[in-house]
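Here's the structure, in structure tokens; my notes come after.
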There are 2 protein chains.
Amino acid sequence: MPQPLPELTDHLGYRIRQVSNHVSHAFARKLAARGVTVAEWALLRMLYGQPPLPPSQLATRMGMTRGAITRLADRLIGKGLLLRAPSAADGRAQTLGLTESATAFVPELAGLADRNEAECFAHLSPAERETLRDLLERTVARLGITGVAVE
Amino acid sequence: MPQPLPELTDHLGYRIRQVSNHVSHAFARKLAARGVTVAEWALLRMLYGQPPLPPSQLATRMGMTRGAITRLADRLIGKGLLLRAPSAADGRAQTLGLTESATAFVPELAGLADRNEAECFAHLSPAERETLRDLLERTVARLGITGVAVE
DNA sequence: ATCATATAGTTTCCTAGGAAACTCAACATG
DNA sequence: CATGTTGAGTTTCCTAGGAAACTATATGAT
């Protein structure tokens, strides 16, 4: 006779994961219609309206390894959305910046993000959304979460 | 001059993903010390104290494909935690059930889940945790989220 | 100046999941 | 009872990320 255990659904971590996965997958489907993944979107958004950044900084900010950024950048370059240039100051370093077409594209993708957000949280009142935001942001601060951590 | 866009952090979906990833990775590290992944834990927990289930049902409940369940089950069988048996009623079907050692093991893993939960949300008062739970569960219900969706 | 060490980026190997083709058993229907 | 169809499970191929080894450049110590 096994001892009874708390249900999975008793844990906030489980509930958060359910919602997070659903919201992310819904967004991923919208992005996929434009031929973009969530990680690609995150990188593009990070560089939008910014001066080019070295891959290592992007790795830190996105919570990914440098190796993953190398390959992610390769894909975006292949799609004509990213430019890789050698750093002037450091012979080892590079900079990654958006192409013109990427700069034109990102606002369209941002619209998808807004739409996804609206669809997923339409049932919450503005006050409830602010409460949720506050609880989450305090958790982010308390746990010392920094990057995006795409996956 | 690119047009300004809403910040990533303005989206609840982004904040939820940050917290979810952090909580899941913290849990994954605890489980890894016992040689178990999050997906393996979810499957083990689902079968704990239950009669054996066919892979197809586990796939539905966990939000994974049947192919993924096949491989997940293979790994757990390799670890001596799962038993695969042919279904008596249906020559195509199988049933997956926990071994004795798995039944003894799951409560220990459940303790890790409890500890992770406590660590990640210690800064919220009981009332705040209930508020968060309520907002999340209403979202789960509204979006029609059913499975675990491990990843 | 030389050499050790650290850092930037890449590459290789590994893991894990999804999509879709595939096998085999069950079932319906004529 | 043959036959077409559905359903269960497996397998193959593909994608994407992490860990760690590897290359090349920079930096610091002597």
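Protein chains get the first letters and strands the later ones, always in sequence-line order, with residue 1 at the start of each. Source: prediction; values computed, not measured.
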Report task. Give the rounded distance in Å between these two atoms: NE2 of A:His25 and P of D:dT15. Result -> 18 Å
Query raised in the report: Are B:Arg133 and A:Asp10 close enough for a salt bridge, meaning some N to O gap below 4.0 Å?
Result: no
Query raised in the report: Between A:Glu117 and B:Gly13, is there a donor-acceptor pair closer than 3.5 Å when you use the side chain of the first and the backbone of the second?
Result: yes
Query raised in the report: Below 3.5 Å, does any donor atom in the side chain of A:Arg66 face an acceptor in the base of D:dT23, or the other way round?
Result: no
Report task. Find the distance A:Met62:CE to D:dG17:P and express it as a whole number of Å. Result -> 8 Å
Requested in this report: Check the distance between C:dC14's C1' and B:Arg71's CZ and give it to me in whole angstrom.
Outcome: 15 Å
**Report entry** Separation of atom CE in A:Met64 from atom C1' in D:dG18, rounded to whole Å
**Finding:** 10 Å
**Report entry** A:Thr103 versus A:Tyr48, closest heavy-atom pair with distance
**Finding:** O-CE1, 3.4 Å
Requested in this report: Test for a donor-acceptor pair under 3.5 Å between the base of D:dG9 and the side chain of B:Arg92, counting only N and O atoms.
Outcome: no
Query raised in the report: Closer than 4.0 Å, any side-chain N/O of B:Thr37 to the OP1 or OP2 of C:dT15?
Result: no
**Report entry** Distance below 4.0 Å between B:Arg75 side-chain N/O and C:dT15 OP1 or OP2
**Finding:** no
Query raised in the report: In terms of side-chain heavy atoms of B:Thr70, which of C:dG17, D:dG17, D:dT11 is nearest?
Result: D:dT11
Query raised in the report: Which whole-number value in Å describes the distance from A:Leu82 CG to C:dG9 P?
Result: 13 Å
Report task. Look at the side-chain N and O atoms of A:Ser87 and state whether any lies under 4.0 Å from the OP1 or OP2 oxygen of C:dA8. Result -> no
Report task. Enter the inter-axis angle for the ends of the helix from C:dA1-D:dT30 to C:dG30-D:dC1 (five pairs per end, rounded to 10°). Result -> 0°
Query raised in the report: B:Gly91 near the nucleic acid: base, sugar-phosphate alone, or nothing, with a heavy-atom cut-off under 4.0 Å?
Result: sugar-phosphate
Report task. Mind listing the closest non-hydrogen atom pair of B:Thr9 and A:Glu137 along with its distance? Result -> O-OE2, 4.1 Å
Query - Separation of atom CG in A:Asp74 from atom C1' in C:dT12, rounded to whole Å - result: 14 Å
**Report entry** Any B:Gln57 side-chain N or O less than 4.0 Å from OP1/OP2 of D:dA8
**Finding:** no
Requested in this report: Using a 4.0 Å heavy-atom cut-off across all strands, classify B:Ser56 as base, sugar-phosphate, or nothing.
Outcome: sugar-phosphate
Query raised in the report: Given that A:Ala89 and A:Gly67 both sit by DNA chain D, which one's nearest nucleotide is further toward the 5' end?
Result: A:Gly67
Query raised in the report: Side chain of A:Ser101, backbone of A:Gly80: donor and acceptor closer than 3.5 Å?
Result: yes
Query raised in the report: Can any side-chain N or O of A:Glu40 pair as donor or acceptor with the backbone N or O of A:Thr37 at less than 3.5 Å?
Result: yes
Query - B:Lys30 with B:Glu119: basic N within carboxylate O range, under 4.0 Å - result: yes
**Report entry** Base C:dG9 to side chain A:Arg84, donor-acceptor N/O within 3.5 Å cut-off
**Finding:** no
